[in-house]
Each structure stands twice: as C-alpha cells, then as structure tokens.
*Asks:* 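Below is the structure I would like to discuss, written out as structure tokens.
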Amino acid sequence: MKIRMSSPDLNDADREAVYQVVQTPNLSMGPKIDAFEQAFCDLTGAKHAIGVNSGTAGLHLCVRAADIGVGDLVITTPFSFVASTNVILFEKAVPVFVDVDPATGNMNTELLEQVVEDLSFGGEAARRWLPRDLPAVNRSGLNSVKAILPIDVFGQPADYDPINKIASQYGLTVIEDSCEALGGEYKGKVAGTLGDYGVFAFYPNKQITTGEGGMIVTNDDGAADFMRALRNQGRAPGDTWLQHTHLGYNYRLDEMSAALGLSQMGRLDELLQKRAQVARWYDTYLAEIEEVTPPQIVPNTTAVSWFVYVIKVAKSVDRDRLALLLQEKEVPVRPYFAPIHLQPYMVEMFGYQQGDYPVTEDLGNRSLALPFSGSMTEEEVVTVCQGIAESIIAAEKSI
Ligand SMILES: *Cc1c(COP(=O)(O)O)cnc(C)c1O
C-alpha cells in the first residue's frame, strides 16, 4: 500500500467521456466547453463562465479585464500559491501584501482596511505597506489601489463582507482566487461568486480535474466578452480567424479536458463528500496528538470544500524533522504554503526579508499538508496518523 500525496478521482464514465471526444473531429472550442461552462453557471448562479487552460490563465484574464496595468497597486496576501501574485506581476502592477488570519490563512481584513486607508492617504503612512525596493519601472509612476485579490485558502472562503465593503467604499475590483474552494460556501453564498470575478482550477490535485484547466465566473457582460476574446488570441466577437482586435493569448481549454471536467462536475457532490469523509477521519485520529492542530473552520464557512488537509505543529516541534521522519515511513507530506514574499525572485525584485509578514511566516514554518484525496481509505488515514504519533516525540526541538 503506497500512500500518495494526492490523487485524482476518475471513474469509467469520466474516462469514457474523454474517449468520446477523441472519436470526433472537434478537439478544441466545441460543444464540450460550452456544456462545461454551463455547469459552472448552474453551480454558481453566475451569468458567465469562461473555460481556460489553467487557473493561472483565468486569474491573468481577470487582471486584464479589471484593467490593472503598470504601477497599479493590488492588495493580496503572501500565504498562497505563487500564481495569485504572479498574475499581478505579469502586467507590471505591484502586489501589496497584507498578512493573514492565523486560524484560516485568509486575508486579515482589519489590516486590509488599514492598508487601503493608508495608501489612499499617501506619504509615509502609505510607504510602510509598500515593498522595500520597487522595480525602476514603477518607482516613477506608482498609481493608486485598483483591486483586491483574496485567496480562499485550503477550501475556506475569505471574509468577503468586510472585503466588499472596503472595495465599494474605495471603488476597487475584487478578484476571488477560488482555485482551492470549488463548492465551498461563505454565509450560504457559493465560493467564486463572492467578488467581481471568481476563478477555479482543475490541476489533478484539485477537487475536480481536467488535467490542466481553469474556469472564470462573472456577472459582468462586457468583461466576459473581453476575456473570451483574450483567451482566443484576442479575437473579438465578429473577428475572423486572422483578425485580432486585442492583444490576446492562447488560453483555450481543449475538448478532451472540458469533457472530463463536465463528467467530474456531474460527480461534484460525491467527490466533495468523499473528501469531507477523509477530513473527518483525520480529525478523529489526530485528536489525541496534542502537538498537532487540525485545520480550523470558522463559522462564516457554511460549507468547506476540502482541498488539502493541512495541520499546524506546536512551536516545540521541528516541522522539517517531522516531515523527514514521515517520509522515511513512506508517508509523503509537504510544507504548505511557502511564503510568496520569500521566494527568491520576490526577494530579488522587492527586497523582502524574514519578519515582513510574521503570521504568514509562522504558518509557513509550522504547516504540513498530509496525504489527501477523496480516494484515501480509512486505513491509510490511520497509517498516516500513527506515523505522526510515532514520530512527533523524536521531532521535538532540543532545548
Ligand atoms: C491551484 C491554484 C491556482 C491555479 O493553479 P493552476 O496550476 O494554474 O491551475 C491558483 N491559486 C491557488 C491558490 C491555487 O491553489
């Protein structure tokens, strides 16, 4: 029995759906993507869904649709997968980080309020929120705050009531990175619809998979048309194959992927329930291990979409030593997330240092993602938890 870090959950009907497509000549932009998009309108109630070939591509198109450009400021968090920050950098805009809530890893909305206020005030008050070094292109022309990009970390939506309140007060766009939260809910409202734009992703470790793929949802008609054009080499409605109204990309989702995604969407409840069951097993079997804090679900999260199962170890435990001991027992685990501001390219571009975002760094130092997927068995969960119980004493830091 080899325990895997993550594993897609495909059945015969899913595989058959892909096989059906390869028997037709329509391998890109055919009926499957239309149906896959419709499934997202049905799930979220959004007016538009736009399929793309990755979550990153989806986030990038939202940045373009929100007209975020050179020198614009976008407020986001450093406790995420790098894509949520990178899409801001693609347009030479400046990510302004705020730290996160220690319980959820989601944006700290008190800090958000403070940073938006200070940045609109300008001068020294604003300066302390900005990166130490700013690339030359931006030093001369820093603009005002344009957008907020919160992340629904580990399947739990960020706190959107205060986020949207601040956004409407200052006229900011909200781009929801819901790439980890398909099917999650905030106060009864479905993840992905909590801002102006929402984005999902379908890499094989996500709740549903298309191999590679992503989906944008929005109620904005004009933005939807624009993003559909940009994903298809900038061809606006009415353009011919060699007419390009905009500077676009090839962010199209192919038909095989869309067919797989459509079939997986039909199983969404089942897939989410299986993941929730695995999470409950972990909760049960980890309860006796004092040095381990399980994921904390806040009351605003009326439905969790279990994406990963990330524990926090006590300060007395050497997390990296624990990870090593578990790997020796063939239990794969992974530190998750590694703070974005301390990635080599971010340090080089912006001069970030240890200590800049202490909550993110503490989570980064003490978090461990355990093996997780809907196809895990109770026996496998028990094996992982026993491994942790056996290793945790040996991983205590010596004083
Ligand atoms: C998975 C993920 C993405 C998108 O990833 P892709 O590999 O581009 O599909 C973006 N943000 C977060 C937080 C993610 O977990």
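Every number for a ligand or one of its atoms is a count from 1 in the order of the listing. Quick caveat, the model's predicted, so the values are computed rather than measured.
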*Asks:* Please work out whether the ring planes of Phe90 and His60 are parallel, tilted or perpendicular, with thresholds of 30° and 60°.
*Replies:* perpendicular
*Asks:* Atom NZ of residue position Lys165 - does it have more than 12 heavy atoms of other residues, nucleotides or ligands inside 6.0 Å?
*Replies:* no
*Asks:* Suppose we measure from atom 14 (C) of ligand 1 to each protein heavy atom; which comes out shortest, and what is that distance?
*Replies:*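 Result for atom 14 (C) of ligand 1: Lys206 NZ, 3.1 Å.
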*Asks:* With respect to Tyr203, determine whether any N or O atom, backbone or side chain, lies less than 3.5 Å from an N or O atom of ligand 1.
*Replies:*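 No, there is no polar N/O contact under 3.5 Å.
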*Asks:* Measure the distance from atom 11 (N) of ligand 1 to every protein heavy atom, then report the residue, atom name and distance (to 0.1 Å) of the closest one.
*Replies:* Asp177 OD2, 2.8 Å
*Asks:* Below a 4.0 angstrom heavy-atom separation, can you tell me which part of Cys179, side chain or backbone, both or neither, approaches ligand 1?
*Replies:* side chain
*Asks:* Return the closest protein heavy atom for atom 5 (O) of ligand 1 as residue, atom name and distance.
*Replies:* Thr56 OG1, 3.9 Å
*Asks:* Measure the acute angle between the ring planes of Tyr336 and Phe307, then classify it against the limits of 30° and 60° as parallel, tilted or perpendicular.
*Replies:* tilted
*Asks:* With heavy atoms of Ser80 as the reference, note each atom of ligand 1 found under 4.0 Å away.
*Replies:* 13 (C)
*Asks:* Do Val331 and Ile388 share a hydrophobic cluster (ILVMFWY, side-chain heavy atoms under 4.5 Å, transitive)?
*Replies:* yes
*Asks:* Can you label the angle between the Phe79 ring and the Phe154 ring as parallel, tilted or perpendicular, going by 30° and 60°?
*Replies:*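 Perpendicular: the ring planes of Phe79 and Phe154 meet at over 60°.
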*Asks:* Which atoms of ligand 1 are found less than 4.0 Å from any heavy atom of Ala201?
*Replies:* 4 (C), 9 (O)
*Asks:* Against heavy atoms of Glu180, which atoms of ligand 1 measure under 4.0 Å?
*Replies:* 13 (C), 14 (C), 15 (O)
*Asks:* Please tell me if the side chains of Ser373 and Arg4 come closer than 4.5 Å, counting only heavy atoms from C-beta onward.
*Replies:*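 No - every pair of side-chain heavy atoms lies 4.5 Å or more apart.
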*Asks:* Under 3.5 Å, N or O to N or O, is Gly55 touching ligand 1 that way?
*Replies:* yes
*Asks:* Any side-chain heavy atom of Pro295 sitting closer than 4.5 Å to one from Val310?
*Replies:* no
